Amino acid sequence: MTSEINLSHVQEEFADRSFPIARESLSESCAGTTVLFADGDADLGDLVADIDQERFESAEDAFAALQNVLPVEALGEPGQSDGDA
């Protein structure tokens, strides 16, 4: 079943899983869930697969690791730069 969630609800999506969990298992269970960004979207299972960490102890742990693989489109307004004020 394919579903869509906002990035702000990903940690809640992770919380529906049993932890600790291996990255591969979390990636497989999240496949088909589309995460909606400020400018675009991505498959949550693909994003989790890109994380270097092999195992997650909690939903918070998985969400923190996910922050490191999010594309630039995930946050902020399109075309906006924090450093060019």
Side-chain angles (χ1 to χ4, degrees):
M1 180 167 120
T2 301
S3 63
E4 292 182 343
I5 59 170
N6 289 320
L7 179 59
S8 61
H9 296 286
V10 169
Q11 189 168 331
E12 295 166 18
E13 180 77 12
F14 287 162
D16 291 340
R17 297 349 187 245
S18 295
F19 287 87
I21 191 171
R23 180 190 63 221
E24 185 176 325
S25 295
L26 183 59
S27 175
E28 289 173 3
S29 72
C30 292
T33 299
T34 301
V35 180
L36 304 174
F37 300 138
D39 184 25
D41 58 50
D43 182 83
L44 184 55
D46 291 343
L47 290 172
V48 171
D50 289 341
I51 298 173
D52 289 335
Q53 193 170 324
E54 293 293 324
R55 175 184 163 108
F56 308 105
E57 298 302 319
S58 66
E60 295 82 10
D61 182 28
F63 186 70
L66 179 71
Q67 301 300 308
N68 294 320
V69 298
L70 291 175
V72 70
E73 296 85 12
L75 302 171
E77 303 237 356
Q80 189 176 30
S81 171
D82 290 337
D84 293 336

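Every value quoted in this text rests on a predicted model; they were computed, and no experiment measured them.
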Discussion item. Does Ile5 form a side chain to side chain contact (heavy atoms under 4.5 Å, CB included) with Thr34? I'd like the steps, not just the answer.
Written reply: CA-CA 6 Å; Ile5 59 170; Thr34 301; over 6 Å; no
Worksheet item: Which pairs, with at least one residue in residues 48-59 and sequence neighbours excluded, count as a salt bridge (Lys or Arg N to Asp or Glu O under 4.0 Å)?
Response: Arg23-Glu54, Arg55-Glu57
Fill in: Minimum heavy-atom distance Ile51-Ala62, with the two atoms named
CD1-O, 4.3 Å
Fill in: Residue pair Pro71 / Phe37: nearest heavy atoms and the distance that separates them
CG-CE1, 3.5 Å
Item to complete: Indicate yes or no: at least one non-hydrogen side-chain atom of Val35 is less than 4.5 angstrom from one of Leu70.
Response: no
Fill in: Residues that Ser29 engages under side chain to side chain donor-acceptor pair (under 3.5 Å), provided they are two or more places apart
Arg17
Worksheet item: Roughly how far apart are Glu13 CD and Asn6 CG, rounded to 0.5 Å?
Response: 12.0 Å
Practice prompt. Please confirm whether the backbone N or O of Gly45 pairs with a side-chain atom of Asp43, one donor and one acceptor, at under 3.5 Å?
Written response: yes
Worksheet item: Measuring from Leu66:CG to Phe56:CZ, what's the distance to the nearest 0.5 Å?
Response: 8.5 Å
Discussion item. Run the salt bridge (Lys or Arg N to Asp or Glu O under 4.0 Å) test against Glu60 and tell me which residues pass, sequence neighbours left out.
Written reply: none
Worksheet entry | same_hphob_cluster(Leu36, Phe14) at 4.5 Å side-chain heavy-atom cutoff | no
Worksheet entry | Sequence-distant partners of Glu12, side chain to side chain donor-acceptor pair (under 3.5 Å), two or more places apart | His9
Item to complete: Any chance you could measure Leu7, atom CG, to Asp41, atom CG, to the nearest 0.5 Å?
Response: 11.5 Å
Item to complete: Can you sort out the partners of Asp61 under side chain to side chain donor-acceptor pair (under 3.5 Å), two or more places apart, ordered by chain and number?
Response: Gln53
Worksheet item: Taking all atoms of both residues into account, what is the closest heavy-atom pair of Leu47 and Val69, and its distance?
Response: O-CG2, 3.5 Å
